[in-house]
Structures are given as structure tokens and as C-alpha cells.
Amino acid sequence: REHRGHPPVPARRSCDLTTTGSARRPISPRPRANPGLAPRESTSLDLSLEWYRTHDSLVSLGVFHKSIRNEIASLTTTQTSTIGGTAYTINASQAQNVGDAKVNGIELGMIQPRFTSLPAPFNQFGATFNLMLLAMNPSTITMSDGSQRQMPSLMESPKSVANLSLLWGGGPFSAQL
């Protein structure tokens with residue numbers, strides 16, 4: 001699958017100006033946009049196996065690989081500027097393309113809407129579960145001194161996600177926790 005477009009960019013594009021030395025006077029400048037930002041693109045490969053033990057239960061296992069081009073991250077730069085004889089340190093965050101990245105993952109899912117083998121009233125309970133584990137090879141960025149630094153992870157991406165829901169259904173009523 002081919003994906004193109006910008007991910008949601010958090011409202012972190014801001015500038016923070018403070019004077020150097022002991023006096024601090026905050027100034028509210030305009031956020032820094034990046035009109036040269038290229039769209040994030042990815043190519044994905046997915047493979048999954050599914051087993052339906054009954055018509056309404058499921059066990060699934062999936063693996064995937066994603067190659068990302070033009071990864072986007074919010075980077076902060078620091079500059080010193082003199083305005084009216086006063087030196088200001090300017091910290092500006094801006095969304096920028098930081099190179100390529102790769103993600104490999106595995107997903108496990110289970111759905112059992114009713115535990116029919118249990119005695120009443122427990123046979124009205126069920127559960128859903130899923131787990132996803134990610135192995136990321138994030139982009140490398142070039143620092144202002146020319147050194148290379150690998151990002152710790154993809155922007156706003158966890159290394160694992162899990163959830164469990166307990167279900168109950170009896171007659172015209174049902175609940176999920």
C-alpha cells in the first residue's frame with residue numbers, strides 16, 4: 001500500500017524569545033511555518049493469518065513492514081538576535097523533513113464475545129484483546145555542529161499498544177468495560 005500526505009502536525013510550531021542575562025522579557029512572535037515541507041510517504045507490506053473458531057470468535061496474527069520517506073519531526077533551533085541593542089535568544093520549533101525511517105511490527109488479536117463453555121451466569125461474559133509491538137528504525141538528523149544523531153523513535157509513536165475489553169450481554173442489555 002502506498003501512503004502520501006502530511007500526518008497531523010501538533011501545534012508546537014512556536015517561537016520563544018527571552019533576553020540574555022538576568023532580565024527576561026517574553027515576546028510573542030508568530031509561529032514558524034515551513035512551506036518547503038515535503039509530504040510524508042510510505043510503502044507498507046502486511047501479512048495476516050486469521051482463525052474463526054466459531055462464526056463470532058476470532059484469533060488473528062499479523063506482521064507488517066513500513067518504509068517511510070520524508071519523515072516529519074518538530075525540530076528546535078536556537079539563534080541569537082540583537083534588537084535595539086538588546087541581545088535575544090530565539091528558540092524556534094518547526095516541522096521539518098528528517099529523512100527516511102522503517103517500522104516493523106507484529107499484531108495479535110482475539111475476540112470471544114461469549115464464554116459459552118462456562119456455567120451461567122458467567123457464560124454471558126466475553127472479551128476482546130489486542131497487542132501490537134513495534135520495532136522502529138527512526139531517522140537520523142544533522143545537528144547544528146554537523147554531527148549525526150538518531151531520533152529516539154518516530155514522532156508520537158509508542159513501541160507497544162495493548163487493550164483488553166470485558167464484554168457482557170444478556171437479553172436486551174449489553175455492556176463493555
Side-chain angles (χ1 to χ4, degrees), residues 1-50 59-110 128-165:
R1 295 182 296 195
E2 187 74 20
H3 303 279
R4 294 181 59 100
H6 294 286
V9 178
R12 288 191 215 154
R13 292 175 280 169
S14 63
C15 296
D16 178 288
L17 273 68
T18 56
T19 58
T20 56
S22 61
R24 295 193 179 272
R25 285 180 268 154
I27 299 174
S28 299
R30 292 185 179 149
R32 290 183 61 184
N34 186 353
L37 194 64
R40 181 183 201 220
E41 301 174 324
S42 69
T43 302
S44 299
L45 176 64
D46 300 82
L47 177 66
S48 66
L49 300 170
E50 298 176 350
V59 175
S60 65
L61 176 67
V63 294
F64 62 89
H65 170 80
K66 182 179 283 195
S67 295
I68 302 168
R69 293 171 302 285
N70 302 323
E71 178 58 37
I72 298 172
S74 181
L75 302 180
T76 301
T77 57
T78 302
Q79 302 169 343
T80 302
S81 183
T82 303
I83 302 171
T86 303
Y88 291 90
T89 300
I90 303 169
N91 295 319
S93 294
Q94 182 181 48
Q96 296 181 21
N97 293 108
V98 292
D100 298 340
K102 295 188 184 313
V103 179
N104 294 306
I106 186 167
E107 302 169 286
L108 173 64
M110 294 184 280
T128 65
F129 168 78
N130 84 340
L131 171 68
M132 179 177 62
L133 303 172
L134 299 175
M136 297 178 233
N137 184 8
S139 302
T140 300
I141 60 172
T142 303
M143 306 302 287
S144 60
D145 65 0
S147 65
Q148 296 285 310
R149 182 172 162 192
Q150 188 168 28
M151 303 280 289
S153 66
L154 295 179
M155 190 168 137
E156 300 181 6
S157 293
K159 293 183 180 179
S160 63
V161 176
N163 67 60
L164 172 67
S165 295

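Just so you know, residue 1 is the first one in the sequence shown, and it goes up from there.
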Inset, instruction - Walk me through it: do N34 and Q96 pass the test side chain to side chain contact (heavy atoms under 4.5 Å, CB included)? - result: CA-CA 7 Å; N34 186 353; Q96 296 181 21; 3.9 Å; yes
Could you measure the distance from the [atom1] atom of [X] to the [atom2] atom of [Y]? Nearest 0.5 Å is fine.
{"X": "L37", "Y": "Q94", "atom1": "CG", "atom2": "CD", "answer": "8.5 Å"}
{"X": "N130", "Y": "E107", "atom1": "CG", "atom2": "CD", "answer": "8.0 Å"}
{"X": "L61", "Y": "S48", "atom1": "CG", "atom2": "OG", "answer": "8.5 Å"}
{"X": "R69", "Y": "E41", "atom1": "CZ", "atom2": "CD", "answer": "5.0 Å"}

Using every non-hydrogen atom in the two residues, find where [X] and [Y] come nearest and quote the distance to one decimal.
{"X": "I106", "Y": "F64", "answer": "N-CE2, 4.1 Å"}
{"X": "E71", "Y": "S139", "answer": "CB-OG, 3.5 Å"}
{"X": "Q150", "Y": "P138", "answer": "NE2-O, 3.1 Å"}

Inset, instruction - Taking N97 for its side chain and N70 for its backbone only, find out whether a donor-acceptor pair lies under 3.5 Å. - result: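 Checked: pair present.
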Legend entry - Candidates T43, D46, N104 - the one meeting side-chain hydrogen bond (donor to acceptor under 3.5 Å, both in side chains) with H65: N104
Inset, instruction - Go through M136 and S157 one step at a time and tell me if the side chain to side chain contact (heavy atoms under 4.5 Å, CB included) criterion holds. - result: CA-CA 9 Å; M136 297 178 233; S157 293; 4.1 Å; yes
Legend entry - Within-4.5 Å side-chain heavy-atom neighbours: Y88 and T82: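 A side-chain contact is absent here, since even the closest heavy-atom pair is not under 4.5 Å.
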Legend entry - Non-hydrogen side-chain atoms of V98 and L75 separated by less than 4.5 Å: yes
Inset, instruction - Among D100, N137, L154, find the one that has a side chain to side chain contact (heavy atoms under 4.5 Å, CB included) with I68. - result: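 One option only clears the test, and that one is L154.
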Inset, instruction - Start with the C-alpha distance between T142 and Q148, add both sets of side-chain angles, then the distance that settles side chain to side chain contact (heavy atoms under 4.5 Å, CB included), and finish with yes or no. - result: CA-CA 5 Å; T142 303; Q148 296 285 310; 2.8 Å; yes
